[in-house]
Amino acid sequence: MFLVISLVDFLLMILNWVIVAQVVLSWLVAFNVVNRQSRFVASVLQALDVVTEPLYRPLRRILPDFGGLDFAPLVVLLVVFFLRSRVVPYLYAATATPVAY
């Protein structure tokens, strides 16, 4: 069970970094620092969108429209932070306690 919890924690950490990379890259595209016409940039953006869009889509339906601002990545990052700081340590502690028979 410890291995499964460690894997979930690792995947949440990777998701955290993927969301941060997607946000930073979208800002760089928005401010014309990098060009979306570049094949490498376009492929990286597409790959990041494929990973993050299933997480953002339900939140975008719930959150109100703020014009050009998208708060879905922030909400997902807060959920990932909550899971990694509260739920995962609790699961580690629950698996470490001995079970009385």
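Only this structure's heavy atoms are used, side chains among them; waters, hydrogens and symmetry mates stay out. These figures come from a predicted structure and were not determined experimentally.
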Original post:
Taking all atoms of both residues into account, what is the closest heavy-atom pair of Leu12 and Val80, and its distance?
Top reply: O-CG1, 3.5 Å
**OP:** Output all residues satisfying side chain to side chain contact (heavy atoms under 4.5 Å, CB included) with Arg61, sequence neighbours left out; order by chain, then residue number.
**Re:** Arg57
Original post:
Tell me, which pairs form a side-chain hydrogen bond (donor to acceptor under 3.5 Å, both in side chains) where one or both residues lie in residues 78-87, sequence neighbours left out?
Top reply: Asp9-Arg84
Original post:
Partners of Ile5 by side chain to side chain contact (heavy atoms under 4.5 Å, CB included), sequence neighbours excluded?
Top reply: Met1, Val88, Leu91, Tyr92, Thr95
Original post:
Quick one: do Phe81 and Leu74 end up in the same hydrophobic cluster if we chain Ile, Leu, Val, Met, Phe, Trp and Tyr together by side-chain heavy atoms under 4.5 Å apart?
Top reply: no
List the atom pairs, with distances to 0.1 Å, where a side-chain N or O of residues 20-28 and a protein N or O form a donor-acceptor pair under 3.5 Å, not counting sequence neighbours.
from  : atom 1 : to    : atom 2 : distance (Å)
Gln22 : OE1    : Tyr56 : OH     : 3.1
Gln22 : NE2    : Asp49 : OD1    : 3.4
Ser26 : OG     : Gln22 : O      : 3.3
Ser26 : OG     : Val23 : O      : 2.7

Original post:
Can you hop from Leu69 to Leu55 via hydrophobic side chains spaced under 4.5 Å?
Top reply: yes
Original post:
Can you list the residues that meet the ring-ring contact (aromatic ring centres under 6.0 Å, His included) rule with Phe71, with sequence neighbours excluded?
Top reply: Phe66
**OP:** Enter the distance from Leu83:CG to Leu78:CG here, rounded to the nearest 0.5 Å.
**Re:** 11.0 Å
Subject >> Considering all heavy atoms, the nearest Pro54-Val51 contact >> reply: CD-O, 3.7 Å
Original post:
Does one hydrophobic cluster hold both Phe10 and Leu3, with members joined at side-chain heavy-atom distances below 4.5 Å?
Top reply: no
Would you mind writing out the side-chain donor-acceptor pairs for residues 31-45 within the sub-3.5 Å range, not counting sequence neighbours?
from  : atom 1 : to    : atom 2 : distance (Å)
Asn35 : OD1    : Gln37 : N      : 3.1
Ser43 : OG     : Arg39 : O      : 3.2
Ser43 : OG     : Phe40 : O      : 2.8

Original post:
How many angstroms lie between atom CG of Leu63 and atom CG of Asp70, to the nearest 0.5 angstrom?
Top reply: 8.0 Å
